[in-house]
Amino acid sequence: MMRKTSVILLSAATGAALTLFVTQPRAVFMGSSARAATADTYRQLNLFGDVFERVRSDYVEKPDDTKLIESAISGMLTGLDPHSSYMDAKSFRDMQVQTRGEFGGLGIEVTMEDGLIKVVSPIDDTPASRAGVMANDIITNLDDEAVQGLTLNQAVEKMRGPVNTKIKLKIIRKGQDNPIEVTLVRDNIRVRSVRARVEQDDIAYIRITTFNEQTTEGLKREISNLSNQIGDKLKGYIIDLRNNPGGLLEEAVTVSDSFLEKGEIVSTRGRNAEETQRRTAHAGDLTKGRPVIVLVNGGSASASEIVAGALQDHKRATIVGTRSFGKGSVQTIIPLGSGNGALRLTTARYYTPSGKSIQAKGIVPDIEVLQDVPDELKSRTDTKGEASLRGHLKNDGDEKTGSQSYVPPDAKDDKALKLAGDLLHGIKNSASAAPTPGGDSKATTDKPKAAN
């Protein structure tokens, strides 16, 4: 029987939708050394069984057998590398929701503040926006249950649910003397992983926050909208991948393909040579050869690094910012059957078109730009990178740790964004040199939140 699995790329994320197939194990004829190793393995498994039975019989309180087994599995996987893990049934369901980018909910982005849920923003044309929920509203009760004491994830889980079911919110709003109560009917919500705007009247700015099943569709829509809106005066595109932790491998490939006419995008290489896979671009650059600037920083990981690496190697874009996170491994999601959760197992490394592994090194930008960081945030704006994670997969040569990941909340203070605009307008920066976006010539040059 063939087992259906999913492949993902992430730094500290979850998700799976791209399906691959894992065939039955190959028949292997074992020599004496292999048989000896197998016998030793079975002795170790017997040891595990002995310990398990001793814990069950002698621990001071009666343990939960299921939790014991899950903890043992989890320990085995986390001992491999920082990105392999066991997901119980609930975690597996949550992961699937996140990577689909689609779920039954209310349509608001929220964060936790002083133990209460604060609305970051309502999503357009959703139950929340239609009911008049506003940014900075404080949600104190969900169906008459106080939010105080819940974690952000617990509150989000309560707000999500089957489409066409109701939930009542109690809201405190600045300027209102009394709490507001609204009853919302859950609807199908799509997470916006792609946001866009016009910069300086003639530049298309596109921000990709994650790589879920909606990302390529969203990118194509925004490229079309912005090109129509700006028209012939369009100077080029800024693709902002800063602090994007990654996501689905397939989406990273199709996003890269949107800017390329031909050539390899990425290769993945597992333990065995026959497991190597190469993904290539198809004709049809959606930007019609317009210059492209890609913004990255220390929080850009995995799928983000595939896109940046592919466009950099093909000299299709100029990469601006700080060195990326350096997560160059692929995780396969392996379901374990109904109610048993799934394994997230590191199964391959990925390589940029030039054959370079960015594992524990990251993508080095063509032009490095350091932001001005407020004093109170300086200790919290650098990421340690993949190389600092305990048990990470090693890479040849010097590994690199740490890179700035601060993005100014006000665009006028964003030095990387300003430089990208200058490059597209042909303004030179004598301190740096980088490939001209779209060609081979040279030119000088917040709190956690969740949707529900």
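These numbers were taken from a predicted model, which means no experiment stands behind them.
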**Prompt:** Could you go step by step and tell me if Ile367 and Thr318 meet the side-chain contact (heavy atoms from CB on, under 4.5 Å) rule?
**Reply:** CA-CA 8 Å; Ile367 306 174; Thr318 299; 4.2 Å; yes
**Donor + acceptor pair across side chains of Ser84, Asp81 (<3.5 Å)** =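 Result is yes, a qualifying pair exists.
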**Message:** Could you check whether Ser193 and Thr209, counting side-chain N and O atoms only, form a donor-acceptor pair closer than 3.5 Å?
**Reply:**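 The answer is no; no qualifying pair exists.
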**Side-chain donor or acceptor of Glu261 paired with backbone N/O of Gly284 under 3.5 Å** =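 Yes; at least one donor-acceptor contact below 3.5 Å.
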**Prompt:** Would you say Asp232 has more than 12 foreign heavy atoms packed within less than 6.0 Å of its CG?
**Reply:**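 It does not: Asp232 CG has 12 such atoms or fewer within range.
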**Request:** Return yes when atom NZ of Lys262 has more than 12 non-hydrogen atoms of other residues, nucleotides or ligands closer than 6.0 Å, and no otherwise.
**Result:**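 Result for NZ/Lys262: open.
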Any carboxylate oxygen within less than 4.0 angstrom of a Lys/Arg side-chain nitrogen, looking at [X] and [Y]?
X	Y	result
Arg195	Glu222	no
Asp240	Arg242	yes
Asp187	Arg130	yes
Lys233	Asp202	no
Asp137	Lys118	no
Glu213	Arg100	no

**Asked** Rounded to the nearest 0.5 Å, what separation is found between the CG atom of Leu152 and the CG atom of Leu116?
**Response**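 If I round to the nearest 0.5 Å, the distance is 12.0 Å.
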**Item:** His83 and its side-chain hydrogen bond (donor to acceptor under 3.5 Å, both in side chains) partner, picked from Lys327, Gln331, Glu386
**Value:**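 Between His83 and the candidates, side-chain hydrogen bond (donor to acceptor under 3.5 Å, both in side chains) is satisfied uniquely by Glu386.
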**Message:** Any heavy-atom pair between the side chains of Lys415 and Asp372 that's under 4.5 Å?
**Reply:**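 Yes, close enough: below the 4.5 Å cut-off.
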**Request:** Answer yes or no: is there a side-chain heavy-atom contact under 4.5 Å between Val182 and Lys170?
**Result:**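 Contact flag for Val182/Lys170 side chains = no.
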**Counterpart residues, side chain to side chain donor-acceptor pair (under 3.5 Å), relative to Glu181 (two or more places apart)** =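 Glu181 satisfies side chain to side chain donor-acceptor pair (under 3.5 Å) with no other residue.
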**Axial cation check for Phe103 ring with Arg160, 6.0 Å and 45° limits** =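 Yes, a cation-pi geometry holds between Arg160 and Phe103.
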**Ring-face cation contact, Tyr86 with Arg344, 6.0 Å cut, 45° max** =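 No - Arg344 does not lie over the ring of Tyr86 by the 6.0 Å and 45° rule.
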**Request:** Might you work through the side-chain hydrogen bond (donor to acceptor under 3.5 Å, both in side chains) test for Ser354 and Asp313, ending with a clear yes or no?
**Result:** CA-CA 6 Å; Ser354 64; Asp313 280 5; 2.8 Å; yes
